[in-house]
Amino acid sequence: MLSHLPKHADPRLLVGIETADDAGVYRLTDDLALVQTVDLFPPVVDDAYWFGAIAAANALSDVYAMGGKPLTALNIAGWPRDLDMDLLGEVLRGAADKLHEAGTTLVGGHSWEDEEPKFGLSVTGLIHPQRIVTNAGAEVGDALVLTKPLGMGVITTGAKNELAEPEALEEAMRIMAGLNAGAAEAMLAVGVHAATDVTGFGLLGHLREMTRGSGAGADLRAAAIPVLPEARRLAALGMIPGGSQRNLEALRADVAFGALSEVDQQLLADAQTSGGLLIAVAPHKLAELLERLQTAGTPVHSHIGEITAPREPSIQVLATPQQG
Ligand code: CO
Ligand code: CO
């Protein structure tokens with residue numbers, strides 16, 4: 001689809017659409033560049049306030065994933081004529097609280113009449129042109145680190161079918177609404193080779209973008225990958241979102257799953273509305289990164305695998321028997 005777009009040879013465009021990266025980066029001066037991104041989606045949870053907070057955390061995340069600092073934001077909202085406007089007010093309040101937490105200023109927005117509600121934001125940030133972290137810089141031998149557990153798509157689908165435990169849903173909402181700011185600060189302090197945030201394509205889909213962009217492969221250790229326990233329970237009941245099923249189908253040619261169970265395969269491909277950062281770091285910096293992530297209080301700080309030389313299929317999941 002993106003191949004239909006014209007390619008402009010503007011030397012100030014530092015990160016464009018070629019590497020399927022999280023945000024675009026445009027150089028203003030030798031030591032200053034703009035990071036720009038836009039994201040919107042239909043409600044992922046029933047609670048309007050949480051929906052707004054999660055949408056904002058997700059939109060901000062693409063700036064954090066590149067190592068940028070979010071500066072300003074614009075709201076974008078589609079809203080049905082017959083739906084309570086106070087609910088939209090709650091969505092905006094949830095988003096505003098997140099922007100405040102991020103130190104980001106709301107400068108405006110746009111809304112239109114739509115058949116179903118949609119909400120998101122366009123975020124603009126600043127970054128040093130020499131300190132951009134893309135998804136395309138991973139090197140052979142790098143350790144892969146993840147900062148939020150998987151399973152949010154399964155849990156929100158379970159909640160829509162009234163099968164999710166309320167406490168587990170609340171925990172998932174808190175995790176989704178959590179900013180990736182601390183994770184980004186930690187990776188910038190340590191210096192890493194590559195990063196991306198795990199969102200709609202799931203862990204495996206975003207890892208594939210990273211291996212493709214970096215010309216590499218990857219090994220994942222299934223037992224080291226954090227998954228919310230409620231997600232494993234609900235996945236076994238078949239609560240797999242359509243998007244996650246499509247992710248897995250689209251990944252089959254690029255991933256060797258070995259003996260991994262079908263449910264675990266689904267969980268690794270589960271679409272995360274607002275997941276954590278997936279970071280590739282040189283092995284001698286791994287311990288420092290994990291320590292800084294722990295200090296930053298990220299939901300998890302898990303060493304889940306390694307970047308390898310390029311190969312077919314590019315990603316290999318090493319399955320070990322599940323305990324318990
Ligand atoms: Co992203
Ligand atoms: Co995005």
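Both ligands and their constituent atoms are indexed starting at 1 by order of listing. Numbers here are sequence positions counted from 1. These numbers come from a predicted model, not from an experiment.
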Measure from the Co ion (ligand 1) to every N/O/S atom of [X] and report the name of the nearest one.
| X | result |
| --- | --- |
| D22 | OD1 |
| D62 | OD1 |
| D197 | OD1 |

Does the side chain of R208 come within less than 4.5 Å of L251's, by heavy atoms?
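L251 reaches R208 side chain to side chain.
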Any donor-acceptor N or O pair under 3.5 Å, side chains Q272, D270
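There is such a pair (donor and acceptor under 3.5 Å, judged by atom type) between the side chains of Q272 and D270.
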With sequence neighbours left out, write down each residue that passes salt bridge (charged side-chain N to carboxylate O under 4.0 Å, His left out) with E230, or none if nothing qualifies.
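Per chain and number, E230 pairs via salt bridge (charged side-chain N to carboxylate O under 4.0 Å, His left out) with R233.
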Which residues satisfy the salt bridge (charged side-chain N to carboxylate O under 4.0 Å, His left out) test with E113, sequence neighbours excluded?
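E113: salt bridge (charged side-chain N to carboxylate O under 4.0 Å, His left out) contacts with R81.
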Flag D39 as yes if one of its N/O/S atoms falls below 2.8 Å of the Co ion (ligand 1), otherwise no.
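Coordinating: no.
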